[in-house]
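Beneath this line is the structure, given in structure tokens, with notes to follow.
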Number of protein chains: 2
Amino acid sequence: MGDKRIPQIPLPTLKRLPVYYQYLTRQARKGVTDISCASIAKAMGLVAVQVRKDLQLTGAVGRPKTGYRLKELLEALERTLGYDNKTEMFLVGVGSLGKALLHYRRFGDYNIGIAAAFDVSEDVIGTEIDGKPVLPFRKFPSLCRRLHVKFGIICVPAEAAQEVANIMVSSGIEAIWNFAPITLELPDMVIVHNENLTASLSILLKKYKTQHTGSERE
Amino acid sequence: MGDKRIPQIPLPTLKRLPVYYQYLTRQARKGVTDISCASIAKAMGLVAVQVRKDLQLTGAVGRPKTGYRLKELLEALERTLGYDNKTEMFLVGVGSLGKALLHYRRFGDYNIGIAAAFDVSEDVIGTEIDGKPVLPFRKFPSLCRRLHVKFGIICVPAEAAQEVANIMVSSGIEAIWNFAPITLELPDMVIVHNENLTASLSILLKKYKTQHTGSERE
DNA sequence: TCCTAATCGATAAATATTTATCGATATAAA
DNA sequence: TTTATATCGATAAATATTTATCGATTAGGA
């Protein structure tokens with residue numbers, strides 16, 4: 001079911017790589033030039049072997065006794081994660097969450113930008129948020145095709161999400177970052193990545209209760 | 001490293017349970033009364049055995065031929081995920097993301113509420129967002145103790161996150177939902193759940209590139 | 001009433017991921 | 001120059017997770 005193509009990088013590793021990258025960027029800014037798996041692991045609450053195995057998948061090579069050259073390691077991560085090419089996205093749904101994402105500056109660090117936002121509400125159409133124009137959603141298909149945008153962000157309510165996704169895909173979008181708490185039904189070709197904040201908060205809640213009310217009573 | 005307590009529910013399952021819950025709630029609203037693993041799996045892009053195994057961990061019991069009684073299943077999930085008790089949270093950092101979370105209505109569906117927000121900026125202190133007061137951060141410790149709030153949300157910039165987390169913990173917070181892109185160093189007792197939006201977007205990017213530029217050239 | 005088909009629950013197999021171990025090697029100190 | 005040691009890379013072991021299989025059971029139709 002869904003995409004059966006074998007990923008070159010296991011998903012658990014892929015989830016950790018960007019976090020390593022963030023940490024390593026900060027270390028580089030502090031002036032660190034060489035770094036070992038052990039120190040990375042310590043900072044991130046992991047074990048060294050795991051970090052080593054993850055980093056091996058980026059093609060980076062370290063050296064005995066001193067570890068990795070930080071600069072080389074960052075470059076390897078950038079190549080692996082695709083930060084070395086500019087990526088433009090279109091966002092749909094300029095509610096409070098959509099606005100928050102439009103304000104987010106950090107995406108730029110990874111060569112990712114939101115080119116424009118779309119909505120159906122007259123209240124926001126015509127405004128600009130952090131320099132990005134908010135356009136009427138009916139213009140999405142033509143603009144998407146014209147600018148060859150392949151990435152979409154869905155920030156509309158759950159009820160509207162499937163329809164927005166359908167229009168996105170028929171307009172040429174090939175990868176969707178979905179903040180609506182529903183499972184989108186789309187062709188297997190389309191990459192969907194769900195960001196389900198409520199579900200995520202729910203995990204925190206359960207982890208807490210597991211630890212504090214002991215094991216399930218039975 | 002970190003918490004070594006064995007979780008009763010495997011993390012991958014725990015991540016899926018709230019998503020089942022969301023889907024099942026919608027089905028219930030549509031008037032569905034009985035539901036099978038096969039149909040749930042189909043809707044969510046999973047396989048039936050996996051859904052069955054996940055649901056078994058909630059204690060719900062299904063019946064041959066008809067599947068689960070939806071009402072019973074929802075109750076089992078609510079018990080398992082802790083939605084059956086009210087949870088109050090404090091949020092720190094009322095930037096655009098913090099505001100977006102304060103506006104989020106869906107947390108209420110799970111009996112989770114943000115009781116108040118805190119910031120150091122005079123621009124927001126004293127305002128109300130969706131009925132929740134924004135208070136000066138210096139009042140956090142006393143209020144936190146007084147109201148016995150155990151859950152904190154961190155929406156401040158990365159540079160300030162560790163300090164905010166420290167103050168949270170010393171004020172009695174026991175579980176933190178962290179939106180800052182850094183790994184917090186805190187006592188093992190404290191549950192931390194990271195919501196790293198940039199890292200997450202990065203995963204989408206990589207999945208896309210993996211599928212479209214084929215396998216790593218080598 | 002009897003038969004068929006759909007479904008669960010349990011067990012087992014397969015696969016994926018994490019963790020341990022160990023030899024080789026380069027750096028830095030003696 | 002020699003030696004001690006931190007580290008990597010590779011391989012192997014352990015663990016966790018997903019997927020397959022199969023018997024038992026129940027609803028619904030013949």
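A, B, ... follow the sequence lines: proteins, then strands. Residue 1 opens every chain.
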**Asked** Between the side-chain atoms of B:K65 and the base atoms of C:dA5, is any donor-acceptor pair under 3.5 Å?
**Response** yes

**Item:** Of B:T66 and B:K53, the one whose closest DNA chain D nucleotide lies more 5'
**Value:** B:K53

**Prompt:** A:R52 side chain N/O closer than 4.0 Å to the phosphate oxygens (OP1, OP2) of D:dG9?
**Reply:** no

**Atom-pair distance (CD on B:Q56; P on C:dT11), nearest Å** = 10 Å

**Request:** For this output row, return yes or no: ring centroids of A:F140 and A:F90 closer than 6.0 angstrom.
**Result:** yes

**Prompt:** OP1 or OP2 of D:dC8 sitting under 4.0 Å from any side-chain N/O of A:R69?
**Reply:** no

**Item:** Proximal nucleotide (of C:dC8, C:dA26, D:dT18) relative to the B:C37 side chain
**Value:** C:dC8

**Item:** Out of C:dT18, D:dT26, C:dG9, whichever nucleotide has its closest atom nearest the side chain of B:P64
**Value:** D:dT26

**Request:** Calculate the interatomic distance between A:L14 atom CG and C:dA16 atom P; express it in whole Å.
**Result:** 16 Å

**Prompt:** Between B:Y68 and C:dA6, does any side-chain N or O lie under 4.0 Å from OP1 or OP2?
**Reply:** no

**Request:** Apply the test side chain to side chain contact (heavy atoms under 4.5 Å, CB included) to residues A:I40 and A:L55: give CA-CA distance (whole Å), side-chain angles for both, the deciding distance (0.1 Å), then the verdict.
**Result:** CA-CA 11 Å; A:I40 298 172; A:L55 294 182; 4.1 Å; yes

**Request:** Return no unless some side-chain N or O of B:R63 is found under 4.0 Å from OP1 or OP2 of C:dC8.
**Result:** no

**Asked** Ring centroid separation for A:F107 and A:Y104, is it under 6.0 angstrom?
**Response** yes

**Message:** Looking at A:R79 and A:D84, is any side-chain nitrogen of the basic one under 4.0 Å from a carboxylate oxygen of the acidic one?
**Reply:** no

**Request:** Please state how far atom CG in A:L70 lies from atom P in D:dC8, giving the value in whole angstrom units.
**Result:** 13 Å

